[in-house]
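Letters A, B, ... mirror the listed sequences (proteins, then strands); counts begin at 1. All heavy atoms count here, side chains included; hydrogens, waters and symmetry mates do not.
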Amino acid sequence: MEKLYQEIILDHYRTPHHQGLRAPFDAEVHHTNPTCGDEVTLRVRLTPGEVDQEVDHHGDDHGDDLLISDVSYEAMGCSISQASTSVLTDLAIGRPLNDVLATVDEFTAMVTSRGKVSGDEDVLGDGIAFAGVAKYPARVKCALLGWMAFKDAAAQTAAQHDPVRKERTG
Amino acid sequence: MTDQLTAVPVEAMDRVLLDRIRADFPILQRTVRDGKPLVYLDSGATSQRPVPVIDAEQEYVTGHNAAVHRGAHQLAEEATDFYESARERIAAFVGVGRADELVFTKNATEAINLIAYSLSNATYSDEPDAARFRLGPGDEVVITEMEHHANLVPWQELCRRTGATLRWLGVTDDFRLDLSDIRDVITPRTKVVAFTHQSNVLGTINPVDVLVDAARQVGALTVLDACQSVPHHPVDLVALGVDFAAFSGHKMLGPSGVGALYGRYELLEAMPPFLTGGSMIERVFMGHSTYAAPPARFEAGVPMTSQAVGLGAAVDYLGLVGMTVVADHEAALTGYALQELSAISGIRIIGPSDLVDRGGAVSFLVDGVHAHDVGQILDDAGVQVRVGHHCAWPLHRRFGVAATVRASFALYNTLDEVDALVAAVRDSQRFFGVG
């Protein structure tokens with residue numbers, strides 16, 4: 001059991017970081033886990049980043065110069081879902097959107113791997129503590145609830161910031 | 001709350017008999033999570049199957065398998081006999097003397113949908129027989145706040161299709177059906193009253209007589225969700241006086257993939273079909289068809305056969321043990337669980353705290369620990385319970401909780417297993433530093 005409920009997870013559960021809904025925000029999403037009734041409302045605020053344009057060689061990718069200035073949330077759920085959302089906010093706030101989306105992919109790959117992908121601690125930070133979840137398929141959705149909400153909110157927000165897409169969607 | 005329950009009022013099954021029963025369920029011998037004995041307390045979700053049920057399916061498949069009600073060869077005759085004999089025994093098990101009042105469905109969910117879709121098909125039918133089943137704006141369907149989604153969503157959808165209005169009876173703070181406004185809710189506008197016999201979350205057994213009386217007075221049809229009662233108590237659907245009832249094979253020691261709908265013949269005979277196709281017809285022309293008499297009218301296509309045979313063996317098995325013995329044993333387990341769980345500080349039972357009109361589903365909360373986390377610690381100890389909203393989300397919302405832990409009993413459970421549950425619940429409190 002200690003492998004699943006690592007001390008880092010229990011710490012985040014008892015003292016969640018960045019909890020509460022804050023303004024301003026660009027997008028708000030509400031995600032639920034229909035099998036258990038856990039819910040999260042999550043907001044994302046993106047700001048154009050201060051990435052040095054001269055060293056930014058990915059000029060055609062608008063996500064690159066967006067910084068996540070805030071992720072705020074209200075959630076109701078188990079220790080795994082609460083703690084993983086808290087860890088996500090630590091990893092996301094103040095970082096470039098594209099970096100964080102890569103982290104989300106790494107985290108998703110790890111927890112859905114049934115133990116085959118160990119995860120890179122340099123990328124995942126405290127998120128590495130959720131490696132044990134992969135062995136409990138019924139808990140994978142718990143670990144991903146906040147992360148999927150973030151991905152959804154970030155996609156909606158990035159669309160607002162993307163002038164090309166803005167034009168397309170009117 | 002706990003002083004009402006001073007002693008376990010009924011005795012658990014004799015240990016020799018109980019051990020014999022347990023020996024019939026091979027799965028109970030296995031271990032889980034690194035060698036822990038299996039403590040299976042999730043029979044409310046699905047029950048385990050005894051050897052005679054497994055053998056009956058095997059015997060049918062290896063010796064008599066054919067498509068039923070088709071063909072004139074010997075195997076087809078034998079298969080049909082197996083299938084129809086199962087129908088007779090299952091009907092008799094729930095007090096139904098006429099086997100043609102029992103329709104096989106894939107599960108109880110399908111049985112309830114069958115009624116709901118038949119009613120909306122009646123709404124669009126020009127058959128004179130169908131008129132009495134028609135629903136439209138101004139008509140009302142009444143359910144309760146303690147329904148499983150299977151007896152809730154089909155009625156929402158029926159109302160959406162027909163323009164009828166969905167209404168419901170609430171649940172009191174002491175986990176009983178709130179009958180205080182029954183006269184306001186069940187009115188001459190009511191066409192259907194659908195309710196559960198026993199709540200799959202609270203364990204509450206509802207007063208079927210009161211609801212049937214109220215429905216009859218206004219000429220409404222009654223639909224009983226008997227999934228949680230038929231496996232655990234003697235149930236006589238005819239004596240209860242309901243018009244329809246649904247129950248599920250896999251919750252009563254039988255296979256999954258088979259359930260049953262009971263309907264008074266006079267009603268089934270007048271109802272339009274739900275699923276259409278082969279074997280449910282009387283005559284077929286290129287432009288139209290007429291339909292077979294019940295139950296065939298409601299059994300389109302080649303039906304599940306080994307499953308029906310298995311369910312037949314399951315009711316034989318339950319009948320052999322005796323449903324009164326089963327009910328008393330489960331009451332003893334439930335009483336003991338309520339007593340022991342209530343004695344732990346920080347545990348809240350979501351359901352009646354005594355055994356009056358109460359069955360063996362014991363749902364609870366552990367203060368400060370989410371149900372999923374409790375379930376994880378229990379699972380690590382080999383104790384298999386259900387966590388979540390148990391397909392009764394509105395009921396959980398009613399009590400302001402997202403999820404509960406539910407232990408549910410069957411005839412093969414023991415008092416020792418209740419002790420294992422209680423010990424694991426205490427472990428979960430220790431692990432998460434509460435209580």
message: Between Gly433(B), Ala402(B), Ala371(B), who has the most heavy-atom pairs with chain A when the cutoff is under 4.5 Å?
response: Ala402(B)

- prompt: Between His389(B), Gln376(B), His396(B), which residue shows the highest count of heavy-atom pairs closer than 4.5 Å to chain A?
  reply: Gln376(B)

- prompt: Non-hydrogen atoms of chain B under 4.5 Å away: do they reach the side chain of Met1(A), the backbone, both or neither?
  reply: both

query: Under 6.0 Å between the ring centres of His148(B) and His390(B)?
result: no

query: Relative to the ring of Phe432(B), is the ring of Tyr5(A) parallel (under 30°), tilted (30 to 60°) or perpendicular (over 60°)?
result: perpendicular

query: Measuring heavy-atom distances to chain B, does Ser79(A) have an atom under 4.5 Å in its side chain, in its backbone, in both, or in neither?
result: both

query: When you measure from the centre of the six-membered ring of Tyr117(B), is the NZ or CZ of Arg161(B) under 6.0 Å away and within 45° of the axis?
result: yes

Test side chain to side chain donor-acceptor pair (under 3.5 Å) applied to Asp379(B) and Gln384(B), step by step: CA-CA 6 Å; Asp379(B) 174 52; Gln384(B) 321 275 288; 3.2 Å; yes

task: Can you tell which part of Arg397(B) gets under 4.5 Å to a heavy atom of chain A, answering side chain, backbone, both or neither?
output: neither

message: Val111(A) vs Leu144(A), test: side chain to side chain contact (heavy atoms under 4.5 Å, CB included). Steps then yes/no.
response: CA-CA 8 Å; Val111(A) 299; Leu144(A) 288 176; 3.7 Å; yes

